[in-house]
Amino acid sequence: MKGPCERPGENEDQREEAIAPAGCFAGVPEADKDSEADSDSDLETEGIHGLREPIRDALHLGSCQAYSIVPTIYFLNQGCAPELKLRHRGLGPQGAWALASMLTSNPYIKRLDLQDNGLCAAGAEALAYVLSKNSSICDVDLSENQIGVAGAQALCAALQVNQAVQKIQLAGNSLEEKAAQYLAELLLVHTGLKSLDVSYNQLNDQAGETLGPALAENTGLTELNISWNHLRGTGAIVFARGLEANIFLKVLDISFNGFGDSGASAVGEALKANNVLEELKMSNNRISATGARHLGLGLRVNQTLRILVSCRC
């Protein structure tokens with residue numbers, strides 16, 4: 001018996017066959033095909049990917065049948081709304097691949113919210129396929145889906161190809177040390193990414209050592225949430241040095257990590273040089289009076305920070 005996060009049984013050819021209708025209208029009734037052929041003006045207005053609702057619904061129903069998934073009524077009622085919000089629906093990997101056939105060709109959806117759907121790595125790969133093809137989606141929430149390292153690798157690779165996404169939330173996805181390398185590569189390449197949320201994961205001190213240099217070189221990110229992870233020791237120090245060199249980040253949340261006094265001192269040094277950061281959250285980081293004092297020395301010099309949350313150090 002397969003676990004909830006094991007890969008679907010179908011091979012790549014089956015997946016391509018299920019996704020193919022989005023490009024060639026396979027599985028659409030002949031009447032719809034003929035009417036589409038007679039509506040060149042509609043295609044000129046909407047673009048070749050601007051599928052009319054009957055065709056889009058037929059594609060979705062066909063994909064659901066191919067993957068043995070119950071069609072989502074909310075999606076069928078979606079129309080041309082800019083947001084597709086399907087939280088807590090239990091889609092799973094199969095459901096993600098069923099949605100992929102439509103999402104690759106939908107020019108209307110700007111925000112995709114699939115939080116808590118048990119997508120796992122295979123589902124993340126389906127969404128990565130979508131993001132590599134669709135340049136309309138700019139805001140993605142895949143929080144609490146247990147995508148793991150493999151899922152993060154697929155998504156980061158897709159986002160390096162298509163840089164339309166400006167905000168992505170990957171909180172609560174079992175991202176560990178190895179995932180940090182893919183995230184770092186993304187930060188170095190994707191200059192259009194403005195907001196990244198990787199909170200509630202298992203990014204450790206080694207991950208901090210990987211992400212720090214990438215943060216220093218990043219030229220676009222304005223908001224980063226890496227709270228509720230395990231950045232400690234040397235990792236926390238290296239990460240703080242990345243903050244020192246960064247000239248774009250405005251909001252940073254490093255709460256609940258365990259930076260300790262050495263990490264707090266490094267943040268204090270970063271604040272002396274950083275003249276961009278406006279909001280810093282770093283509560284519950286095991287900082288004693290000594291660490292707080294070093295942090296305060298940085299605050300005395302910094303001219304841009306407006307909000308500091310450091311209670312219950």
Side-chain angles (χ1 to χ4, degrees), residues 1-23 26-27 56-57 59-76 78 83-106 109 111-134 137 139-162 165 168-176 178-179 182-183 186 197-198 200-202:
M1 182 177 295
K2 293 185 177 182
C5 278
E6 290 190 33
R7 296 178 181 271
E10 77 280 354
N11 57 34
E12 292 300 324
D13 292 337
Q14 288 176 305
R15 289 178 179 173
E16 291 296 333
E17 183 179 353
I19 293 175
R56 180 211 63 196
D57 292 350
L59 292 174
H60 179 59
L61 292 171
S63 293
C64 288
Q65 183 178 8
Y67 284 95
S68 301
I69 296 296
V70 177
T72 305
I73 300 301
Y74 178 88
F75 168 71
L76 295 175
Q78 173 76 10
E83 179 180 20
L84 178 59
K85 188 174 182 178
L86 294 173
R87 291 185 173 187
H88 321 299
R89 301 298 179 103
L91 293 176
Q94 297 282 62
W97 280 105
L99 279 178
S101 61
M102 180 283 303
L103 292 174
T104 53
S105 305
N106 189 300
I109 295 175
R111 183 170 194 271
L112 179 63
D113 186 347
L114 299 179
Q115 183 181 140
D116 184 28
N117 269 287
L119 299 181
C120 305
E125 291 171 2
L127 273 300
Y129 178 90
V130 171
L131 295 176
S132 69
K133 304 292 183 181
N134 185 307
I137 299 173
D139 186 341
V140 181
D141 188 347
L142 300 180
S143 301
E144 301 175 29
N145 273 292
Q146 302 300 308
I147 67 171
V149 174
Q153 180 181 14
L155 287 169
C156 290
L159 292 175
Q160 290 183 45
V161 174
N162 180 354
V165 175
I168 186 163
Q169 294 171 258
L170 299 175
N173 270 298
S174 299
L175 303 185
E176 300 177 347
K178 291 182 180 179
Y182 304 117
L183 293 171
L186 179 63
D197 184 349
V198 288
Y200 292 91
N201 282 293
Q202 288 86 48

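Hydrogens, waters and symmetry mates are skipped; everything else that's a heavy atom, side chains included, is used. Note that the structure is a prediction, hence the values are computed from the model and not measured.
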Can you tell me how far apart [atom1] ([X]) and [atom2] ([Y]) are? Round to the nearest 0.5 Å.
{"X": "D141", "Y": "D197", "atom1": "CG", "atom2": "CG", "value": "8.0 Å"}
{"X": "S143", "Y": "R87", "atom1": "OG", "atom2": "CZ", "value": "7.5 Å"}
{"X": "N201", "Y": "L170", "atom1": "CG", "atom2": "CG", "value": "7.5 Å"}
{"X": "L131", "Y": "T104", "atom1": "CG", "atom2": "OG1", "value": "11.0 Å"}

Kindly write out the residues that satisfy ring-ring contact (aromatic ring centres under 6.0 Å, His included) with Y200, not counting sequence neighbours, or none if the list is empty.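 Here the qualifying residues are W228.
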- Task: Examine K178 relative to Y182 and say whether NZ or CZ is less than 6.0 Å from the centre of the six-membered ring and inside a 45° cone about the ring axis.
- Result: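 Pair K178/Y182 does not count as cation-pi.
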Taking the side chain as everything from C-beta on, heavy atoms only, tell me whether [X] gets closer than 4.5 Å to [Y].
{"X": "N106", "Y": "L84", "result": "no"}
{"X": "L112", "Y": "L127", "result": "yes"}
{"X": "I147", "Y": "L175", "result": "yes"}

Exercise: identify the closest heavy-atom pair between [X] and [Y]:
{"X": "A128", "Y": "A158", "answer": "O-CB, 3.2 Å"}
{"X": "A154", "Y": "E125", "answer": "CB-CG, 3.8 Å"}
{"X": "P93", "Y": "G118", "answer": "CD-O, 3.5 Å"}

Donor-acceptor pair, [X] side chain versus [Y] backbone, under 3.5 Å?
{"X": "N117", "Y": "R89", "answer": "yes"}
{"X": "N145", "Y": "C120", "answer": "no"}
{"X": "D139", "Y": "E83", "answer": "no"}
{"X": "N173", "Y": "Q146", "answer": "yes"}

Test side chain to side chain contact (heavy atoms under 4.5 Å, CB included) on L186 and Q160 and set out the steps.
CA-CA 6 Å; L186 179 63; Q160 290 183 45; 4.2 Å; yes
### Query
Are I109 and N134 close enough, and set up right, to give a side chain to side chain contact (heavy atoms under 4.5 Å, CB included), and what steps lead you there?
CA-CA 10 Å; I109 295 175; N134 185 307; over 6 Å; no
Practice prompt. Test L142 against L155 for side chain to side chain contact (heavy atoms under 4.5 Å, CB included), laying out the working first.
Written response: CA-CA 10 Å; L142 300 180; L155 287 169; 3.7 Å; yes
*Picking from Q169, E144, K85, what satisfies side chain to side chain contact (heavy atoms under 4.5 Å, CB included) with Q115?*
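Between Q115 and the candidates, side chain to side chain contact (heavy atoms under 4.5 Å, CB included) is satisfied uniquely by E144.
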